[in-house]
Asks: 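The structure is given below, and queries will be raised subsequently.
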Amino acid sequence: MKNHKFEYSRLALLARIFYVAVGLIALKLCEMQVIYGDWYRRAAERNRTQVIFQTAPRGRIIDRNGQLVATNRSSFNLIFLPGKKTDWQYLQKLARELSPYLAQKPEQILSVLKDAHYHKIPVRLAENLGRQTMFRLAELKTLFPGVDLVLEARRFYPRGRFASHLLGYMGEMDPRHWRILRQRGDYRQDVRIGKRGLEELFEQELKGEEGGLHLEVDAQGRLQRVLRTDPWTPGNDIIVTLDADLQQVAEDALRASPSGAGAVVAMDPFSGDILVLASVPDYDPNLFLQPRTPEVQEALRKIPEFNLAIQGSYPPGSIFKIITLLAAFDSGRASPEVSYRCPGYYTFGTRTFRCWKKGGHGALDMAGGLVHSCDVYFYQLALKTGALVIENYARQFRIGQVTHFPIGAESGGNAFGPFSASQKGQRWAEGDTLNLAIGQGELLVTPMQMAQMIAAVANGGTLWRPRLVRQIRSPAGQSLFKQRIEVLGTVQAGKGSWDFLRSSLVKVVEEGTGHSSYIAGLEIGGKTGTAQNPLGEDHAWFVAYGGEPGAPPKIAVAVLVQHGGHGSVAAAPVARKIISRMLSRPQS
Amino acid sequence: MSIVFRPATETLKSQLDWWLIGAVAFLLGLGTVAIMSAASPLAFYTQVLQRHLLALSAGMLAFMVGIGVHYNIYQDQHKTLYGICLGLLAAVLIFGETFRGSKSWFRFAYFSFQPTEFARIAVVLILAAYLERRKKVMDRLLPVLGAVAVIAPILALILIQPDFSSTIAFFPVFAGMVYCAGAPFRYILGMAALGGLAFSLPLAWIWISLNPAWTRGAILVDYFSRLSQFGWPAAALAASVAAALWLLWWFLGRIRVFVPAAFFFMAFFITMSGYGAGVAVHHGLRDYQRKRVVAFLKPEKDPKGGSYNIRQARIAIGAGGFWGKGIFAGTQSRLGFLPERHTDFIFAVIGEEMGFLGSICVLLAYLFVVWRILETARLARDGFGGLVATGFAVMYGFCLIMNTGMAVGLLPVAGVPLPLVSYGGSSLVMSFWSLGIVQSIYWRRTTFV
């Protein structure tokens with residue numbers, strides 16, 4: 001029917017267009033609110049909440065006497081996470097804005113930001129911020145996505161340059177670490193992880209669980225209220241066998257030594273506990289936690305990460321005479337009364353082997369040969385004993401095998417003798433026997449192996465696996481893990497042999513080459529060594545054990561001073577300081 | 001068509017469209033709650049609430065007046081209405097307050113008044129009166145052009161303020177009324193083409209300017225982007241359009257399809273004036289409007305800038321889920337992430353706090369209101385009443401689609417409020433008046449009161 005006013009069909013057309021449009025909008029609403037509602041809800045939550053992550057305090061590292069070796073300090077840090085919308089202009093603007101707060105030049109900040117942007121790794125722009133600065137930066141960070149403030153428990157090494165090779169350090173994750181750790185779900189890219197040493201080895205134990213402050217903010221980034229606080233859980237404490245006092249003494253002594261470079265390993269001879277493991281040159285692990293100023297960068301580039309105590313292998317020199325003597329005595333090939341005359345040289349075949357003392361020692365018996373470290377005496381002793389026997393004893397002392405120390409890529413040294421030579425397809429000449437007798441030739445050992453050896457001498461033949469970690473303890477004080485003591489092997493020698501060897505070593509200290517480590521009222525047995533170094537000054541060795549007279553020894557020490565010259569001059573005083581410190585202390 | 005005679009007092013009660021009134025009351029209630037929720041964190045919350053309640057009561061009055069006054073008076077007095085409208089719009093340009101860059105407010109002691117809102121209603125009445133008188137000749141071009149001439153001064157005065165977004169609703173209202181008055185569809189099509197050119201050309205130019213790589217190497221694109229300035233390219237365009245049309249005419253003539261030359265003149269006129277209007281709009285766009293267009297075309301370009309609003313509105317609506325977060329519990333609106341939340345984006349507040357349920361209820365209630373107004377248009381006793389109701393129906397329908405469409409991200413942000421729901425005193429009072437007029441038409445559909 002045609003309407004008398006206007007065409008109704010036209011009105012109906014308008015109505016239909018309208019209904020379709022409303023239907024479309026209803027469909028869109030359905031899509032947004034019903035189907036993808038959760039997605040939008042999360043977006044709204046992200047909008048209004050900001051999470052300030054709080055890195056948990058790492059577990060502490062505590063020495064055997066309860067002294068803190070590594071602990072934590074709290075600090076507010078400014079971090080920068082390179083994100084989606086970081087371009088060149090943004091970085092420049094950010095650097096300009098931050099400059100007055102951080103008291104650094106914009107160019108300086110920019111170079112740090114650029115690095116972060118280029119390598120796609122987060123950086124800490126500033127640490128340990130003051131309260132005032134922090135609040136002003138908190139406003140700034142709403143303008144610059146990617147800039148964030150975090151309260152962190154920062155690793156702190158109270159003694160600074162101390163046991164650094166053992167402790168390791170904290171460092172930023174590189175992309176390789178991040179690829180692995182992101183799958184665990186409890187790491188963020190900007191947290192520091194332990195690198196090297198105990199920090200790396202026990203990363204999972206030390207880490208703890210980070211906390212978070214969930215804040216409600218409005219559109220301007222103003223804080224409305226705290227929605228919830230996830231408290232952090234501190235990491236587990238690690239109790240090490242180290243004796244911090246002794247370690248300090250050892251490091252100081254090494255630094256004061258002629259070359260200022262070397263290693264000390266001290267062990268409890270009856271458990272294998274590592275009391276001291278020092279390697280100098282070392283570094284201050286706190287350096288890694290400081291803002292990356294150019295000076296710090298420069299210092300970090302020159303970090304000496306090489307641990308001389310377990311990675312450095314040297315010819316043992318005269319300290320190997322301990323093994324030669326034990327081999328000769330215990331195998332029965334030579335009697336202690338047999339005496340040889342030392343004219344200062346020894347002719348073997350067409351070659352002449354020298355004694356270290358040009359004029360010669362005259363006639364010496366076995367103990368005298370050790371006391372004066374007479375090379376000529378040992379040449380003849382070795383020829384009488386036989387290289388294979390000496391090598392056999394050296395093998396029992398595990399020369400050439402790693403000690404299974406948990407930290408660092410350990411060197412096993414190099415075994416030397418007729419058997420090793422035949423394994424390598426080399427000929428063994430009788431002249432090599434003479435070199436073996438005085439610890440030269442191809443023989444190489446680490447300070448750790450020598451500590452193990454002298455400890456075995458002190459305890460009568462037991463070779464311990466060096467134990468560094470004694471216990472892992474939860475923050476509540478509950479013991480989570482205890483490291484047992486382990487025997488790696490024993491040296492099969494009679495009790496008489498050990499007694500003879502020890503009495504000879506005591507004589508070395510009382511009246512011989514090791515006299516510079518003599519301490520009245522204590523029973524100290526030791527042996528000096530001078531490892532010939534074709535490249536420069538000789539390396540100085542000294543191994544010793546010490547204790548109250550008549551009582552079992554308390555400590556076994558091996559000292560190596562790189563390029564130190566003669567063992568009695570450079571190395572023995574270091575050992576003396578350690579032993580005297582150990583034994584003069586009131587016993588708990 | 002039966003005519004029922006009843007006592008006047010009885011008829012008023014029984015003949016009013018109570019369904020429409022119920023739906024409007026529902027929308028007003030929901031809108032008030034949403035405004036309270038959205039504005040409560042603001043510093044001037046009490047002021048907003050006071051003004052809203054004042055407007056509500058003034059609106060009731062306007063509604064009564066609208067019902068009580070016979071709508072044919074507007075037809076009789078359309079010239080007076082026209083005069084008042086022009087006078088107010090001119091006066092606001094002289095005495096008005098500038099707010100957000102446009103001079104469109106009269107400020108009084110306790111409230112302010114926006115004459116544009118009055119013009120929105122008045123234009124419908126004036127146009128209806130004009131078209132009703134010419135309904136027998138609506139198939140000609142002249143009355144259609146005359147209708148354009150009638151509203152052009154009003155539009156011009158509003159654009160001078162400048163208030164671009166308020167004028168948008170005029171175009172569909174005009175088209176809808178002229179179409180329903182009986183104008184041939186091709187006129188509407190021509191007008192739509194003209195308007196389409198005027199709006200789409202600036203869009204295209206901005207789109208190209210966002211992708212500068214396109215102009216390199218592509219002569220046509222480069223030439224097209226240069227058309228945004230008058231000059232030789234524009235002259236060349238005019239010549240080539242004329243040539244193309246002449247060629248088409250010649251070709252059609254050769255295949256013996258004879259089309260009056262008037263069509264080609266019209267086509268040329270529409271293209272060129274559409275182009276001219278497009279250039280004018282392109283240059284007349286203000287910075288914030290350009291940003292909105294950019295935000296719609298390329299939201300990822302600047303997520304913190306122009307597209308921030310629309311992104312936040314979408315998040316707010318989506319986050320509401322099915323049941324909503326609860327009234328006064330929307331984080332998007334109450335923490336300030338949602339902009340213009342008690343005015344243009346009120347729908348997003350409802351979406352967040354009342355969920356799919358609430359927003360669908362708003363859509364349905366609005367749909368119902370528009371349907372009732374369309375019914376009024378169908379049932380109206382005379383052509384004038386029908387046209388007036390049509391105009392209002394188109395106006396409300398268009399506002400609903402524009403506002404909700406922009407909130408859900410289907411349409412660009414145009415700053416069109418949702419009448420009856422958004423906060424805005426003048427708009428509310430005038431909407432009440434318009435609904436009163438609709439009721440007046442409905443009530444008088446069968447009787448002569």
Side-chain angles (χ1 to χ4, degrees), chain A residues 1-50 83-85 90 142-145 215-225 227, chain B residues 1 41 135 138 176 179-182 185 303-304 311-312 314-322 324-325 330-332 334-339 351-352 355-356 359-360 363-364 366-367 370-371 374 377-378 380-387 390 393-394 397-398 400-401 404-405 407-410:
Chain A
M1 164 197 144
K2 195 166 160 76
N3 196 291
H4 66 283
K5 289 154 299 201
F6 51 80
E7 292 171 53
Y8 177 66
S9 63
R10 297 193 158 194
L11 197 60
L13 178 69
L14 287 187
R16 265 179 227 131
I17 293 170
F18 173 66
Y19 298 150
V20 168
V22 171
L24 280 177
I25 287 166
L27 278 179
K28 181 76 183 170
L29 273 177
C30 183
E31 185 212 340
M32 284 166 73
Q33 296 189 302
V34 181
I35 300 172
Y36 294 113
D38 283 343
W39 188 88
Y40 284 106
R41 191 175 283 265
R42 278 198 296 277
E45 283 302 301
R46 272 200 304 279
N47 247 349
R48 72 160 180 147
T49 48
Q50 287 197 1
K84 281 167 246 134
K85 57 164 302 188
Y90 176 86
T142 60
L143 299 175
F144 292 99
L215 307 173
E216 184 177 78
V217 293
D218 72 2
Q220 276 72 45
R222 287 178 300 225
L223 179 65
Q224 301 290 306
R225 65 200 164 105
L227 291 172
Chain B
M1 195 70 45
K135 70 177 175 191
M138 275 314 284
Y179 179 60
C180 284
F185 192 67
K304 280 275 168 194
R311 200 164 59 94
Q312 295 302 338
R314 292 189 58 171
I315 288 175
I317 293 175
F322 187 83
K325 288 184 180 170
T331 55
Q332 284 287 104
R334 296 180 69 79
L335 294 175
F337 292 100
L338 194 62
E352 187 187 19
F356 182 65
S359 29
I360 274 293
L363 273 189
L364 286 179
Y366 231 97
L367 191 77
V370 173
W371 174 61
L374 283 169
R378 188 168 71 89
R381 193 189 60 190
D382 55 2
F384 177 72
L387 280 172
T390 305
V394 173
F398 180 76
L400 174 72
I401 287 162
T404 54
V408 298
L410 287 177

Asks: Working to the nearest 0.5 Å, report the span between CD1 of B:I401 and CZ of A:F18.
Replies: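 The CD1 atom of B:I401 sits 5.0 Å away from the CZ atom of A:F18.
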Asks: With rounding to the nearest 0.5 angstrom, report the CD1 to OH distance, A:I25 to B:Y366.
Replies: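 These two atoms lie 12.0 Å from each other.
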Asks: Specify the closest pair of heavy atoms between A:R48 and B:T331, including all atoms of both residues, with the distance to one decimal.
Replies: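 Answer, listing the atom of A:R48 first, then B:T331: CD-CG2, 3.4 Å.
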Asks: Quick one: pull up CD1 in B:I315 and CD in A:E45 and give me the separation to the nearest 0.5 Å.
Replies: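 Here the interatomic distance stands at 11.5 Å.
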Asks: Please flag which part of A:I17 lies under 4.5 Å from any non-hydrogen atom of chain B: side chain, backbone, both or neither.
Replies: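 For A:I17, there is no contact with chain B at all, as no heavy atom is under 4.5 Å.
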Asks: Hey, could you give me the CZ/CG distance between B:F398 and A:L14, rounded to the nearest 0.5 Å?
Replies: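 Going from the CZ atom of B:F398 to the CG atom of A:L14 covers 13.0 Å.
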Asks: Heavy-atom pairs under 4.5 Å with chain B: which of A:E31, A:R42, A:Q33, A:K28 has the most?
Replies: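 Greatest number of close heavy-atom pairs with chain B: A:Q33.
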Asks: Within the 4.5 Å heavy-atom criterion, are B:L367 and A:Y19 side-chain neighbours or not?
Replies: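 Counting from C-beta outward, B:L367 and A:Y19 do come under 4.5 Å.
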Asks: Using 0.5 Å steps for rounding, measure from the CZ atom of A:R10 to the OG1 atom of B:T390.
Replies: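 Result: 12.0 Å between the selected atoms.
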Asks: Of the listed residues (A:A15, A:A44, A:A21), which shares the most heavy-atom pairs with chain B below a 4.5 Å separation?
Replies: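 Most heavy-atom pairs under 4.5 Å with chain B: A:A44.
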Asks: Hey, which of B:L364, B:T404, B:I317 has the most heavy atom pairs under 4.5 Å with chain A?
Replies: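 Ranked by contacts with chain A, first place is B:I317.
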Asks: Check each atom of B:R334 against the heavy atoms of chain A and say whether the ones under 4.5 Å are side chain, backbone, both or neither.
Replies: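 When you check distances to chain A, no heavy atom of B:R334 falls under 4.5 Å.
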Asks: Out of curiosity, A:R41 CZ to B:E352 CD, how far, rounded to the nearest 0.5 Å?
Replies: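 Output value for this atom pair is 9.0 Å.
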Asks: Test of understanding: with ring-ring contact (aromatic ring centres under 6.0 Å, His included), list the residues that count as partners of A:Y36, not counting sequence neighbours.
Replies: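 Scan of A:Y36 (ring-ring contact (aromatic ring centres under 6.0 Å, His included), adjacent residues dropped) gives none.
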Asks: Counting only heavy atoms closer than 4.5 Å, note whether A:L29 contacts chain B via side chain, backbone, both or neither.
Replies: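 Its backbone and side chain both get close to chain B.
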